[in-house]
Amino acid sequence: MKYVLILGDGMADEPLEELGGRTPLAYANTPAMDELASMSEIGMVKTVPEGMNPGSDTANLSVLGYDPKVYYSGRSPLEALNIGVDMKDGDVAIRANIVTVSEEEENYEDKRILDHSSDEISTEDAAVLLEAVKKELQNEIFQFYVGTSYRHCLIWAKGDVVPLTPPHDIRGKEIKEYLPKEQQLLDMQKKSYEILARHPLNEERRKKGLNPANSLWFWGAGTKPALSPFEEKFHKKGAMISAVDLLKGIAVGTDMYNITVEGANGGLHTNYEGKAQAAVDALLKEGYDFAYIHVEAPDEMGHQGSVEKKIKAIEYLDARVIAPVKAALDASGEDYRMLILPDHPTPICVKTHTSNPVPYLLYDSRRQESHDWKYNEEEAMAGGKLVEKGHELMGYLLEV
């Protein structure tokens, strides 16, 4: 028996007037998901526990079967696991985004967040900029580590877990009310602007019409995580296919096999086919029981507020990941169960995450059902049940 979970990060949304009252998921052309839905159980699942922030960290832990109320210790520590940071007891990991802030204001406090991803900056360019920051700001207490694209890590030796605002929550807003209250972090953010705004690489980016990656932004502080191994918990050998450090870090922490796919970048134009093939190979050739395929693109397009691109990301997921994975598993003759869902909504109207339940689809090749529903928020809510504890859905998928 094989098991596969395909997650469209932030894929769920709210009805939009410009789509005739439909959500991007309902509007998108998704023949693979709709065909599966007609043969599957569908419903809604609450992936974010009451009182917790609806981050991809808490939500993906929940989807993977780890109760965030038990296992969550902060976002950046999970990413640090994948980056290879050897966190010590007492260390605090903090996400260090390279963002775009407005440049016309004289005072840093008066600037606005224009782009939390600096036009989805490449890891190579970001590494150059982070090196310039390290030369001036790194010391024995604060150490910087390169992550993926705009997502990087700061380790604060014997630091404090302080409240910090995610930059994607305040796109377009003045940063004054959202700056770190911790003076050392605030000073580093302000200094990073002085270093990066005039950097030659950003001059080149401006000439190309790209947003300058001109400031660090700190958020997601937390302490060293302690996750139990996936195989010990569920008695299945698991593989993770993702482009982002958060999911790869969760895989490291749970002793899952981390598969790196060339060209997978967490953006709209990622290597969808490579991810699908990696999962098929892990399941059918390499002896793994379970594969988790994570696609970041719908979430990124939600943060950008682009209806057109979010629809395109959902259609790419359907045609270039779900359809080929199903075809390969059908051709193999193996029995399998497939779970498809988002981790959380990233509605276009707010450009950030919400805690609302998300639609799930659970297909079992051994006992195909027959329904007239399609896979989207409205039909999942009307036709299915509500799973209140998201972390229990994994055990349901794996039949343990």
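Along the sequence shown, residues carry numbers from 1. All values below were derived from every heavy atom in this structure, side-chain atoms included, with hydrogens, water molecules and symmetry-related copies excluded.
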Electrostatic pair Asp91:Lys158 at N-O distance under 4.0 angstrom: no
Trace of the side chain to side chain contact (heavy atoms under 4.5 Å, CB included) decision for His303 with Thr352: CA-CA 6 Å; His303 287 310; Thr352 191; 4.3 Å; yes
Sidechain-backbone polar pair: Arg337 side chain, Leu397 backbone, donor-acceptor under 3.5 Å: yes
Polar side chain donor-acceptor pair, Tyr108 to Ser215, under 3.5 angstrom: yes
Non-neighbouring partners of Glu194 that pass salt bridge (Lys or Arg N to Asp or Glu O under 4.0 Å), sequence neighbours left out: Lys191
Donor-acceptor under 3.5 Å (Asp281 side chain, Lys285 main chain): no
Salt-bridge criterion met for Glu109 and Lys190 (N-O under 4.0 Å): yes
Glu399 (side chain) donor-acceptor with Gly395 (main chain) under 3.5 angstrom: no
Within one Ile-Leu-Val-Met-Phe-Trp-Tyr cluster: Met11 and Tyr316, side-chain cutoff 4.5 Å: yes
Pair Asn214-Glu103, side-chain hydrogen bond (donor to acceptor under 3.5 Å, both in side chains): steps then yes or no: CA-CA 9 Å; Asn214 58 11; Glu103 298 186 319; 3.0 Å; yes
Closest approach of Val92 to Thr223 (non-hydrogen atoms, all atoms of both residues): CG2-CG2, 4.5 Å
Glu106 atom CD, neighbour heavy-atom count above 12 within 6.0 Å: no
Salt bridge flag under 4.0 Å for residues Lys2 and Asp335: no
Residues Trp217, His168; criterion ring pair (Phe, Tyr, Trp, His ring centres under 6.0 Å); working and verdict: CA-CA 10 Å; Trp217 188 274; His168 50 262; over 10 Å; no
Pairing of Asp364 and Arg366 as salt bridge, 4.0 angstrom limit: yes
Shortest non-hydrogen contact between Leu81 and Gly249, atoms and distance: CD1-O, 3.4 Å
Residue pair Asp289, Tyr3: steps toward the side-chain hydrogen bond (donor to acceptor under 3.5 Å, both in side chains) verdict: CA-CA 6 Å; Asp289 305 303; Tyr3 306 88; over 6 Å; no
Option passing side-chain contact (heavy atoms from CB on, under 4.5 Å) with Val358 (candidates Val63, Leu25, Asp13, Thr47): Thr47
Steps toward side chain to side chain contact (heavy atoms under 4.5 Å, CB included) verdict (Phe142, Leu185): CA-CA 10 Å; Phe142 294 102; Leu185 297 180; 4.1 Å; yes
Flag if over 12 foreign heavy atoms under 6.0 Å of CD, Glu177: no
Distance, nearest 0.5 Å, that separates CG of Leu36 from NZ of Lys374: 14.0 Å
Least distance between heavy atoms, Ser355 atom then Met52 atom: OG-O, 4.2 Å
Ring centres under 6.0 angstrom apart (His116, Tyr150): yes
Asn53, CG: over 12 other non-hydrogen atoms inside 6.0 angstrom: no
Test: Glu79 and Arg75 ion pair at under 4.0 Å: yes
Side-chain heavy atoms of Ile293 within contact of Leu7, under 4.5 Å: no
Sole residue of Lys46, Glu14, Glu377 in side chain to side chain donor-acceptor pair (under 3.5 Å) with Asn356: Glu14
Note, Glu131 side chain near Val128 side chain (heavy atom, < 4.5 Å): no
Donor-acceptor pair, side chain of Tyr375 and main chain of Pro359, under 3.5 angstrom: yes
Heavy-atom neighbours of Asp372 CG exceed 12 at 6.0 Å: no
Donor-acceptor under 3.5 Å (Glu182 side chain, Gln184 main chain): yes
Exam field: side chain Asn107 to backbone Asp110, donor-acceptor pair closer than 3.5 Å: no
Joint cluster assignment, Met44 & Tyr360, ILVMFWY side-chain distance < 4.5 Å: no
Residues forming a side chain to side chain contact (heavy atoms under 4.5 Å, CB included) with Ser118, sequence neighbours excluded: Ile98, Thr100, Ile121, Arg205, Ala213
Test log, rule side-chain hydrogen bond (donor to acceptor under 3.5 Å, both in side chains), inputs Tyr292 and Asn60: CA-CA 11 Å; Tyr292 191 118; Asn60 273 279; 2.7 Å; yes
Heavy atoms of other groups near Gln138 CD, more than 12 under 6.0 Å: yes
Main-chain N/O of Val162 paired to Asp160 side chain as donor or acceptor, under 3.5 Å: no
Modelled atom types, side-chain donor and acceptor of Glu369 and Tyr363, under 3.5 Å: no
Atom of Ala239, atom of Ile259 and distance for their closest heavy-atom approach: CB-CD1, 4.0 Å
Pair Glu104 + Lys111, salt bridge at N-O below 4.0 Å: no
Audit row: Leu154, Gln143, side chain to side chain contact (heavy atoms under 4.5 Å, CB included) steps and yes/no: CA-CA 6 Å; Leu154 171 68; Gln143 299 278 322; 5.8 Å; no
Any side-chain donor near an acceptor of the partner, Gln368 and Ser365, under 3.5 Å: no
Lys208 NZ: over 12 foreign heavy atoms closer than 6.0 Å: no
Electrostatic pair Arg151-Glu300, nearest N-O below 4.0 angstrom: yes
Geometric cation-pi criterion, Lys236 with Phe230: 6.0 Å, 45°: no
Set of salt bridge (Lys or Arg N to Asp or Glu O under 4.0 Å) partners for Asp330, sequence neighbours left out: Lys326
Sidechain-backbone polar pair: Lys69 side chain, Glu50 backbone, donor-acceptor under 3.5 Å: yes
Stepwise ring pair (Phe, Tyr, Trp, His ring centres under 6.0 Å) check, Phe234 with Phe290: CA-CA 10 Å; Phe234 294 109; Phe290 167 73; 8.2 Å; no
Side chain His353, main chain Pro54, donor-acceptor under 3.5 Å: yes
Charged tip of Lys237 within 45° of Tyr288 ring normal and under 6.0 Å: yes
Glu41 and Tyr396 side chains, donor-acceptor separation under 3.5 Å: yes
Whether Asn202 side chain and Ala197 backbone form a donor-acceptor pair below 3.5 Å: no
Nearest atoms (heavy-atom pairs only) where Ala380 meets Ile42: CA-CD1, 3.7 Å
Shortest non-hydrogen contact from Ile94 toward Trp219: CG2-O, 3.5 Å
